[in-house]
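Worksheet: one structure, shown below.
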Amino acid sequence: MSDLDAPGDSQWDKKKPKKDGPQFPFGGPSQPGSPLGGWKFTIGYVLILIIGMSLFNYVFLNKVNPTIDFSEFKTKIISGEIKRVELSDSYYTGYTAETRTQPLPLTRRYSGSQEEAFRTVPINDENFVKLMDEKGVAYYAVSREGSTVLNLIFSWVLPIAFFIFIWRFFIKRLGNMGGNVLAVGQNKAVIVAEGDIATRFKDVAGVDEAKEELVEVVDFLKNPKKYTDIGGKIPKGVLLVGPPGTGKTLLARAVAGEAAVSFFRMSGADFVEMFVGVGAARVRDLFKQARDKAPCIIFIDELDAIGKSRINTIAGSNDEREQTLNQLLVEMDGFDATSGLIILAATNRPDVLDPALLRPGRFDRQVLVDRPDLKGREEILKIHSRDVKLSPQVDLSVVSRITSGFSGADLANIVNEAALLAVRAGRKLVEQQDFDEAIEKTVAGLQKKTRVLKPEERRLTAYHETGHALVAALTPNADPVQKISIIPRGFALGYTLQMPVEDRYTVTQSDLLGKIDILLGGRVAEEMITGEFSTGAASDLTKATDIARKMITDYGMSGRFKNVALTSRGVPGGEHQEPLFQREYSEATQQYIDEEIAHVVEQRYAMVKAMLTEKKALLDKVSAVLLEKETLDEKEFKRLLAGAA
Ligand code: ADP
Ligand code: ZN
Ligand code: MG
């Protein structure tokens, strides 16, 4: 399949790279090989424990009674404030009440409102006992701090218990955040038992091609024997590729629901941990559980979180992710296709995936889940307004018409928003105006992401794509047009797909010129209706120029340098730099190449313009239909061409 527009077509809405996980307060990055992240980590905990225990002692045991001077203590006895004294080895404690009030465990010596207590460190004073006798103070000796058992409990056992509790709490938090220290690799997959999944294919609309492919997967799960008996191989991994909110997760659930099998869902981010080895252990565990439950589906959402190419990472390697990825690869190789285990994964960045993931036996099937077209949108709106009370005036096809570029999730949101607006306005039924308002709200947000085109842009895009398609149809030997669309995709406002009839290894000069023509067709069509150039054709021009240059420099197809290769040699560009290219021909030749490129492109442009001007009626007609329907498949396009002929 060749795609004429934007080279970055598969780079849907780039996500911000995720941080590599939370940082632990102690110690630097976790040490490879150690699940606890190295000795710094351990020291951190010991420190907390020691500091915490001293604090505990201080707060609960020592600070209980104000300590006063011995002379002050005596004064308080003389003044009659202290009525009772406990004598122990190391200090005396004086109380303001004669009899002991109810002893409270933790604050034994300080019962707050009932009595006050003062502690003092005694000085050897033989008159002290006499003084107490005189004042009628009750005194008695206690062994140190009362009960040693209680003391032991309060000063040691409780604090330790307390900190074990805190520690475990911490660990649990860490576990939730990702790093699981005690139970390394414990799984977070939500296991949904058989039949629990209520989602069916009828709940998904607008992605008919994807549904068609997945129907087969359901059949694999239901009747594996049918395929294995004949010697066929059941696919192991199916990758759902598409922009966010187009129903990838929904489709995966529908497959499990239709096949009535268990469904394990995990997000790629769940596997990426801060401790090396944890993610890998999770993968192992997930597959183990799944094998026990087979037939079942494992769904890995956001596969790119673990599956990022190991080659392209700028910030060096990431041990944890690499190990996790390796484990995933190993597990995928490790199970037998007949075991009834199928792995579905979803991503909106197929371009960053590690090539190893896409090899045969792994995610070798890719299913495109694209934004819905006019008809698809209407169906999605119908699905989501099943339980919404609509006024008979509401026409969902009108709503669908003005929501070009919206994803399934956007549409579900609009229905909900419209219902809320109706409630707010005190209506019993949702009216068309509620939908209009809901759409307006959403459009503003989406326009920032350039997903919603203005009417004039859409018209221009329709002409542009039709231009490509018509030139392709009129060029002998060109690959047939498979699909034309004005639904934005990535950076491209629309796209025209051509399907090669056969693999070609050698391409002739006329094929190459034909390719240039098709690429120029878009801009020619635009120019014909607006009379000026737009930026919409930039990537087409890059590609066309590239082909023209290669024809001259590499393929020896140009007038002056027929059968001569004008090569450039890559020379190392120094550390961390791309190789530089050094041409192996003269400056004069370079000038000739530049001029020749311009000449070829200009010539072809004029030719294409003549071709399309002659077919202006057809151009108008096809682009009008495209504008209306948003996508045209091969059959519809051919019918339009035949109708004109
Ligand atoms: P993705 O996983 O592709 O980001 P989701 O499957 O999570 O998208 O879609 C989010 C919600 O949007 C779904 O739960 C569903 O309500 C709605 N939705 C998205 N696409 C569709 C669709 N094709 N048909 C019906 N509903 C859809
Ligand atoms: Zn184009
Ligand atoms: Mg999803």
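Indexing begins at 1, ligand by ligand and atom by atom, following the structure's order. The shown structure was predicted, so the numbers you read here are calculated from the model rather than taken from an experiment.
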- State whether a side-chain donor-acceptor pair under 3.5 Å links Gln433 with Glu437. no
- Between Tyr463 and Asp620: side-chain donor-acceptor atoms closer than 3.5 Å: yes
- Under 2.8 Å from the Mg ion (ligand 3), how many protein N/O/S atoms can be counted? 1
Enter the distance from [X]:[atom1] to [Y]:[atom2] here, rounded to the nearest 0.5 Å.
X: Asp370; Y: Ser407; atom1: CG; atom2: OG; answer: 11.0 Å
X: Ile486; Y: Asp373; atom1: CD1; atom2: CG; answer: 10.0 Å
X: His464; Y: His468; atom1: NE2; atom2: NE2; answer: 3.0 Å

Under-4.0 Å salt bridge between [X] and [Y]:
X: Glu527; Y: Arg523; answer: no
X: Arg386; Y: Asp203; answer: yes
X: Glu258; Y: Lys222; answer: no

- Go through the structure and list residues passing ring pair (Phe, Tyr, Trp, His ring centres under 6.0 Å) with Phe220, not counting sequence neighbours. Tyr227
- Message: Applying side chain to side chain contact (heavy atoms under 4.5 Å, CB included), can you list everything that pairs with Val398, at least two apart in sequence or on another chain?
- Response: Asp395, Gln432
- Task: Report, rounded to 10°, the angle at the Zn ion (ligand 2) between the two atoms OD2 (Asp540) and NE2 (His464).
- Result: 90°
- Query: Heavy atoms under 4.0 Å from ligand 1: which residues qualify?
  - Reply: Asp203, Val204, Ala205, Pro244, Gly245, Thr246, Gly247, Lys248, Thr249, Leu250, Ile380, His384, Gly408, Ala409
